[in-house]
Undergrad: 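Okay, here's the structure, questions in a sec.
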Amino acid sequence: MRGADSTGGTRRRGCPLCAVFVSGTGTDVGKTVLTAALLRALRLAGVAAQAVKPVQTGVPAGEEYTAQQADARVYASAVADLSPVPGLAPASVLRSFSLPASPHLAAACQGKRLEAAELAQDVLKHWESLNGAAELLLLEGAGGLCVPLNEREDMLDLMAALDLPVLLVGGNGLGALNHALLSLAALRDRGLGLAALALIPTQPATVGAEDEARILADNLRMLRARLARSGCDAPVLELPRLARLDGAAWQRLAEALSPLAEKLTHWTERARGEMAADLVARDHGTVWHPYASAVALPPLCAARSSHDNRIVLTDGRELIDGMSSWWSAAHGYNHPRLLAALRSQAGRMPHVMFGGLTHAPAVDLAERLLQHMPPGLERVFFADSGSVAVEVALKMALQYQQGRGETRRTRFLTPRGGYHGDTLGAMSVCDPVTGMHSLFAGLLPQQIFVERPSCRFDMPFDPASLDDARRALEHHGQEVAAVILEPVVQGAGGMWFYHPDYLRGLTALCREAGTLLIFDEIATGFGRTGKFFAAEWAGVTPDILCCGKALTGGVLTLAATACTGDVARGICGAGRVFMHGPTFMANALACAVAGAALDILDENRWQMQIAGLEAAMRKGLEPCRSLPGVADVRVLGGIGVVEMEQPVNTAALQRFFVEQGVWIRPFNRLIYLMPPYASPLADVSRLCAVVKEAVHRGAYRTGV
Ligand SMILES: *Cc1c(COP(=O)(O)O)cnc(C)c1O
């Protein structure tokens with residue numbers, strides 16, 4: 001499969017929205033005049049453009065075109081002498097409110113509430129309703145970038161929702177630099193493209209003409225230099241100062257804007273050039289995907305942006321996320337607190353080597369992690385991914401045993417059905433069948449495998465489920481450095497939930513056999529199972545605990561391996577050191593974001609959110625149990641699993657799910673959900689309904 005088809009969906013009917021957003025560095029900087037002049041420039045260049053105000057305030061309903069202050073009148077006057085485009089009014093106002101105030105307040109005064117997503121829908125509907133008559137929309141915002149739409153969202157959110165390039169208009173005069181630079185930084189922070197920066201001279205300040213000319217010219221020079229420094233090639237345009245807006249003035253302005261109009265014309269052509277399809281084709285030419293072939297190319301969707309519990313594709317389709325990006329994005333996407341932490345740390349210090357240096361984000365995080373972990377864990381080693389955290393844990397156990405003279409203890413014991421990562425050491429303790437040990441047989445250390453913890457989480461505990469582990473430890477105990485397992489939930493090895501009493505029994509067996517116990521909480525940590533760490537279900541403290549994935553809320557890669565004081569002292573006796581030290585150890589950006597993710601968790605809403613997810617998935621997935629092909633349905637905390645009798649066709653299911661507007665990626669015999677904690681429950685129900693539909697229709701077998 002290649003190109004757009006491989007997204008598995010149907011393209012939005014009609015042309016994708018071609019538009020540019022016009023915003024100001026403040027109010028009254030000449031945004032409306034510039035929009036009108038650009039409308040004229042585009043019309044002169046033969047582009048069927050329309051100026052649109054998604055929200056206008058200060059205009060009584062029904063008076064959009066007549067009121068003195070109505071922008072539509074300004075737009076119309078700029079093109080009054082040009083022949084009209086058939087079927088296309090020069091301007092349109094989508095929502096108007098009478099109070100001349102910020103949109104959030106003007107709307108509230110009329111008992112309304114504005115939402116960026118709804119306003120974006122207004123724009124898309126308007127574009128569709130024009131039925132191809134317009135080639136380009138000039139969307140003029142109300143006021144500047146950070147003008148609020150509601151308590152949570154600003155104009156910037158509307159721009160981001162539409163993902164349009166922005167034409168930023170500023171006054172040229174005293175204070176221009178400050179306002180323009182702040183606005184440019186805000187745009188950059190949101191990942192929005194700058195189409196151009198246009199400066200209109202403001203009323204002369206109390207300086208002489210010569211000084212004023214120097215100031216205005218320097219403003220332009222400075223802004224050009226700053227944009228170039230940040231790698232932005234958008235033009236900085238200088239517009240003439242005009243005393244009166246008559247026909248001649250409109251013409252002069254339009255001429256000054258004609259290079260920009262030209263640029264936008266090309267841009268619209270490029271937008272129509274199906275960038276999305278292009279991206280997948282280029283990917284197929286160069287990039288390798290996880291667990292995928294580089295010859296039989298996997299179906300791909302191109303993601304453009306994300307927010308809350310949504311992933312937005314390059315063709316504008318928005319998917320409800322059911323995966324939290326492999327368990328990591330527990331708090332959803334683009335969480336403002338995580339991004340704020342990222343930005344402020346980036347501004348201070350992104351990274352320094354951790355050998356011989358330390359920093360507050362790392363120390364704070366270590367202290368806070370230990371507060372959340374089972375008592376007895378005392379020391380934290382930061383690693384750059386989950387697999388590396390597991391390697392670190394295994395090396396810790398080996399060095400610990402060497403340190404106390406137990407040199408025969410070089411092997412690891414682990415239940416079948418586990419998953420611990422893809423590096424060699426971690427892979428050696430993954431389930432030997434699903435972990436494909438046969439492929440790497442010559443290289444992998446031979447570990448000791450025992451029966452999967454057979455007693456279900458939701459059944460009374462069966463002590464016999466420990467028999468195999470007991471036998472193995474009696475037999476091999478002297479060779480075992482540590483037992484490693486995922487507490488309560490075996491994740492990628494089979495999405496299996498087992499009884500916490502198994503962990504209590506196993507802990508006792510480890511103590512008797514003199515081996516260490518390692519809990520891999522990379523998937524289970526940070527609330528996903530209904531406890532902060534899954535070890536809490538059993539009330540036991542392992543000797544070593546690994547965490548990762550949701551640690552940074554899915555923003556950056558970071559993991560941590562914590563151990564008890566006894567393990568730390570055992571490793572480091574007689575002047576020995578622990579032999580590990582990745583280049584990006586304790587990356588300051590990642591540590592800062594992880595700190596913010598802990599802040600979110602410390603607000604303690606996660607218990608309620610997980611309980612809500614659990615109830616919604618129990619209700620929504622239960623009906624699958626009676627469908628043909630289904631082997632089991634189980635839900636624990638924020639994890640919902642439909643286990644099939646046969647392996648599913650992941651590519652066919654992915655196509656079906658994307659068509660249905662959800663993002664779910666099944667593997668092997670498992671169709672599972674792991675939505676972000678704050679997912680609206682209606683979205684969780686939708687995820688469940690789509691899973692049910694897929695199973696019902698047999699979409700897991702072939703594709704529909
Ligand atoms: C994902 C996972 C890992 C590996 O983490 P990476 O960051 O992908 O290296 C290890 N253990 C468990 C339990 C996991 O779920």
Side-chain angles (χ1 to χ4, degrees), residues 288-292 323-330 373 381-397 412 414-432 434-436 444 447 452-453 482-498 503 517-529 531-535 537 542 544-562 580 582-587 590-591 593-594 597 636-639 641 665-668 670 672-674:
W288 215 323
H289 282 263
Y291 311 106
M323 293 285 94
S324 297
S325 286
W326 278 339
W327 321 63
S328 67
M373 284 180 181
F381 189 98
F382 288 110
D384 29 19
S385 73
S387 303
V388 174
V390 170
E391 299 288 339
V392 165
L394 300 180
K395 285 173 75 173
M396 277 182 176
F412 293 91
T414 188
R416 292 178 183 273
Y419 176 79
H420 299 285
D422 291 346
T423 53
L424 286 168
M427 202 166 49
S428 77
V429 286
C430 289
D431 183 88
T434 58
M436 299 269 195
L444 287 186
Q447 315 294 16
R452 175 175 94 159
V483 171
I484 180 170
L485 79 171
E486 299 153 273
V488 180
V489 174
Q490 289 187 312
M495 308 299 294
W496 174 246
F497 314 150
Y498 65 88
L503 294 171
L517 177 64
I518 303 171
F519 279 179
D520 178 349
E521 294 245 21
I522 291 164
T524 49
F526 308 103
R528 179 59 75 176
T529 70
K531 302 282 186 195
F532 201 99
F533 284 106
W537 284 109
I544 299 174
L545 186 151
C546 305
C547 64
K549 288 204 163 103
L551 173 58
T552 65
V555 174
L556 283 168
T557 174
L558 182 71
T561 307
H580 203 92
T583 308
F584 286 99
M585 184 163 175
N587 175 260
C591 289
V593 176
L636 174 64
I639 315 165
V641 181
R665 193 168 161 84
F667 69 95
N668 203 354
L670 301 158
Y672 72 100
L673 298 177
M674 208 166 320

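Here the structure is a predicted model, which is why all the values come from computation and not from measurement. The first residue of the sequence shown is numbered 1, and numbering continues consecutively from there. Note that ligands are numbered from 1 as they come in the structure, with each ligand's atoms numbered from 1 the same way.
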Undergrad: At what distance, to the nearest 0.5 angstrom, does CG of L556 lie from CG of N587?
TA: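 Separation between the atoms: 6.5 Å.
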Undergrad: So, for F667 and Y672, is the gap between ring centers shorter than 6.0 Å?
TA: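 So the answer is yes for these two rings.
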Undergrad: Using a heavy-atom cut-off of under 4.0 Å, does the side chain or the backbone of W326 touch ligand 1, or both, or neither?
TA: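 For W326, no heavy atom sits under 4.0 Å from ligand 1.
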Undergrad: Please could you name the atoms of ligand 1 that H420 approaches to less than 4.0 Å, counting only its heavy atoms?
TA: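 Reading through ligand 1 atom by atom, the close ones are 10 (C), 11 (N).
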Undergrad: Quick one: are L485 and L503 in side-chain contact, heavy atoms under 4.5 Å?
TA: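 The answer is yes, as the side chains (C-beta and beyond) meet within the 4.5 Å cut-off.
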Undergrad: For ligand 1, which atoms sit closer than 4.0 Å to a heavy atom of E486?
TA: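 Answer, ordered by atom number: 13 (C).
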Undergrad: Within the structure, does S387 bring an N/O atom to less than 3.5 angstrom of an N/O atom in ligand 1?
TA: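 Right, the criterion is met.
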Undergrad: Just to confirm my output: which protein heavy-atom neighbour is closest to atom 15 (O) of ligand 1, and how far is it?
TA: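 Protein heavy atom at minimum distance: K549 NZ, 2.5 Å.
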Undergrad: Can you find an N/O atom of G421 closer than 3.5 Å to an N/O atom of ligand 1?
TA: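 Such a contact does not occur with ligand 1.
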Undergrad: Between F533 and F519, does the ring centre distance come in under 6.0 Å?
TA: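 Aromatic pair excluded; centres sit 6.0 Å or further apart.
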Undergrad: Could you check if a side-chain atom of H420 sits within less than 4.5 angstrom of a side-chain atom of T414, using non-hydrogen atoms only?
TA: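 The answer is yes; the side chains approach within 4.5 Å.
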Undergrad: Taking 4.0 angstrom as the limit and counting only heavy atoms of S385, give me the atoms of ligand 1 inside it, by number and element.
TA: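 In order of numbering, the contacting atoms are 7 (O), 9 (O).
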Undergrad: What verdict does the side chain to side chain contact (heavy atoms under 4.5 Å, CB included) test give for L394 and I484, after you've listed the backbone C-alpha separation in whole Å, the side-chain angles of each residue and the deciding distance to 0.1 Å?
TA: CA-CA 9 Å; L394 300 180; I484 180 170; 4.2 Å; yes
Undergrad: Check ligand 1 against D520 and write out every atom of the ligand that is under 4.0 Å from a heavy-atom position of the residue.
TA: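 Once the distances to D520 are compared, the set is 10 (C), 11 (N), 12 (C), 13 (C).
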Undergrad: Would you verify whether the NZ or CZ of R528 falls within 45 degrees of the ring axis of W327 while also being under 6.0 Å from that six-membered ring's centre?
TA: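 No cation-pi geometry.
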Undergrad: Hey, which atoms in ligand 1 end up nearer than 4.0 Å to a heavy atom of G386?
TA: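 Those of ligand 1 that fall under 4.0 Å from G386 are 4 (C), 5 (O), 6 (P), 7 (O), 9 (O).
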